[in-house]
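Sequence positions, counted from 1, serve as the residue numbers for this chain.
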Amino acid sequence: MSETVDLLVHGGDVLTVDEAGTVVRDGAVAVRAGEILAVGPAQELRARYAAAEDIDAEGCLVLPGLVNTHTHLAMTLLRGRADDVTLQRFLERMLKWEAELLSPKNVAAAVRVAVAESVRAGVTSALDMYWFHEAAERAARESGWRLHTGPTFMDVPDPADGIAYEDRLAWARRDLADRAHRPGTRPVLFAHSTYTLSPSQLLDIAALAREFGALLHLHAAENATEVATVEVRHGKRPVELLDSLGLLGPDVLLAHAVDLTGPEIAALARTGTSVAHCPVSNLKLGCGIAPVPRLLSAGVTVGLGTDGAVSSNTLDVLGAVRQAALVHKAGGDPTAVGAEQAVRMATIEGARALGLGDHLGSLEAGKRADLIVLDLGRPHLCPPHDPWSMLAYAAHAPDVRDTVVDGRVLMRGRTLTTLDEAAALAELGALA
């Protein structure tokens, strides 16, 4: 008698992204209660399991859902409003607009569109640093999408949510104490940067994060101007300052890390600190190119992020995969970041950067069932000789046909199943 499962995805080639890089030709993934029960040949799993729901993936590639390790989802509200400017000019504009325009309602509306865009692009989870995170979390939960978020700290005169820095620690403590985390997520605290927070504030935030076992996420060393500003203000470069304060470690994820010295790269490796590489945003803002090959050589875990939809204009992690696989070759070494490495940065390495490598990022029994189905019946994907190469250099977001999060089908046949996309677009359009 067949064993019952909730979902069986079968008939396509399964790129597991396990340590061996296993590809199961004509494979299948069985899911029960949001967890992967088995991965193997389709014929074998069809015989073993009776599924309440199935996805026929014949002619497709099945792979782990993509992980966006740094973004600001509600910036979809301001997409296209700060193009072709420096990072510093960008920040000046954003702080003004955010103080004027953001509210829980507006953030929720912007996040619903961001979720729709992400699901269509095969992104199954994201680390989102932004104001009114409670509204963002509700919007994501309504659609079944996996969001990693929490309180953000930024000592500016008029924060968008109106909570002064002096009151934020108590507010954040209550948030962390009251929050119930679904499997495959963890508590997070966001300290904006070393140029918007003082060393004593950073220490207080980090102490709170560590008290609750939370991930601490910061912007750091995004461009040379930021580094110079922090040096003048604190006498040390951003990563150097964090290291001197004891604020690097395996529970810390730095966004960008573009302007790094050799000793700083060594410090990240020594402490187990991870990096969220945002190649599209870094190029668009003229920040430079992060030393990712050197970080990888040193043993630093590097995930991929899109940044917000104002600085990158899309939430397309596959686009970041391509950029990461290409931009580092500009120095003359075509092996600097290879196709497989770039894809791993968007999947298992991104999950590890979040401290969730045991739960997300690969298709293995016991992990959460976050997966996507990529349609190979497209001219630019034919013939599909090498799945790593195809994903890094040829695939695009619209090639994603089906998206599954925690075993729940959020998109089937390119139709969103848990979110009213037309209503979300109309609401954000009216706000804009």
Side-chain angles (χ1 to χ4, degrees), residues 65-83 90 93-94 97-150 152 160-161 190 278 280-281 284 304-320 346 370 372 396-406 408-432:
L66 306 177
V67 180
N68 190 343
T69 58
H70 178 70
T71 190
H72 314 286
L73 292 174
M75 282 189 180
T76 52
L77 176 63
L78 294 164
R79 194 189 325 247
R81 291 294 303 275
D83 293 339
F90 169 85
R93 291 187 183 185
M94 291 306 300
W97 289 333
E98 287 168 344
E100 293 174 353
L101 301 175
L102 295 188
S103 67
K105 178 183 176 182
N106 291 358
V107 164
V111 167
R112 279 189 279 271
V113 169
V115 170
E117 180 181 351
S118 297
V119 169
R120 286 196 171 281
V123 180
T124 53
S125 68
L127 182 64
D128 179 41
M129 175 195 286
Y130 214 54
W131 309 107
F132 301 111
H133 71 278
E134 305 98 327
E137 191 166 39
R138 284 193 296 272
R141 190 185 301 119
E142 287 167 3
S143 66
W145 194 64
R146 191 182 303 283
L147 182 63
H148 315 278
T149 191
T152 293
D161 60 16
F190 300 92
C278 304
V280 176
S281 172
K284 182 166 174 277
L304 281 180
T306 60
D307 213 344
V310 184
S311 60
S312 69
N313 294 67
T314 75
L315 303 174
D316 178 7
V317 172
L318 269 178
D370 289 11
I372 60 177
H396 298 281
D399 299 326
V400 177
R401 193 194 73 180
D402 309 295
T403 299
V404 176
V405 175
D406 247 1
R408 185 180 181 186
V409 181
L410 306 192
M411 181 171 72
R412 179 184 283 273
R414 297 189 177 86
T415 298
L416 301 187
T417 61
T418 63
L419 189 152
D420 187 336
E421 187 175 23
L425 293 173
E427 183 180 16
L428 190 64
L431 285 174

Trainee: Taking C-beta and beyond as the side chain, do T403 and R412 meet within less than 4.5 Å on heavy atoms?
Mentor: no
Trainee: Can you name the nearest heavy-atom pair linking D307 to S281, along with the distance?
Mentor: OD2-OG, 2.8 Å
Trainee: Where do D406 and R146 land on the side-chain contact (heavy atoms from CB on, under 4.5 Å) test, with the steps shown first?
Mentor: CA-CA 8 Å; D406 247 1; R146 191 182 303 283; 2.8 Å; yes
Trainee: Are H70 and L127 close enough that some pair of their side-chain heavy atoms sits under 4.5 Å apart?
Mentor: no
Trainee: Locate the shortest heavy-atom distance separating A121 from L66; write the atom from each residue and the value.
Mentor: O-CD1, 3.7 Å
Trainee: Quick check: closest heavy atoms across M129 and T152, and the distance to 0.1 Å?
Mentor: CG-OG1, 3.7 Å
Trainee: So which atom in T418 and which in V409 form the shortest heavy-atom distance, rounded to 0.1 Å?
Mentor: CG2-O, 4.1 Å
Trainee: Indicate the atoms forming the closest heavy-atom contact of V113 with R79, along with that distance.
Mentor: CG1-NH2, 4.4 Å
Trainee: For the residue pair V404 and D370, establish whether any side-chain heavy-atom pair is separated by less than 4.5 Å.
Mentor: no
Trainee: Any non-hydrogen side-chain atom of N68 less than 4.5 Å from a side-chain atom of L304?
Mentor: no
Trainee: Are any non-hydrogen side-chain atoms of E421 and R112 less than 4.5 angstrom apart?
Mentor: no
Trainee: Yes or no on side-chain contact (heavy atoms from CB on, under 4.5 Å) for F132 and N106, after CA distance, side-chain angles and deciding distance?
Mentor: CA-CA 10 Å; F132 301 111; N106 291 358; over 6 Å; no
Trainee: Heavy atoms only: give me the nearest A139-V111 pair and the separation to one decimal.
Mentor: CB-CG1, 4.0 Å
Trainee: Let me know which of L102, T71, L73 forms a side chain to side chain contact (heavy atoms under 4.5 Å, CB included) with Y130.
Mentor: L102
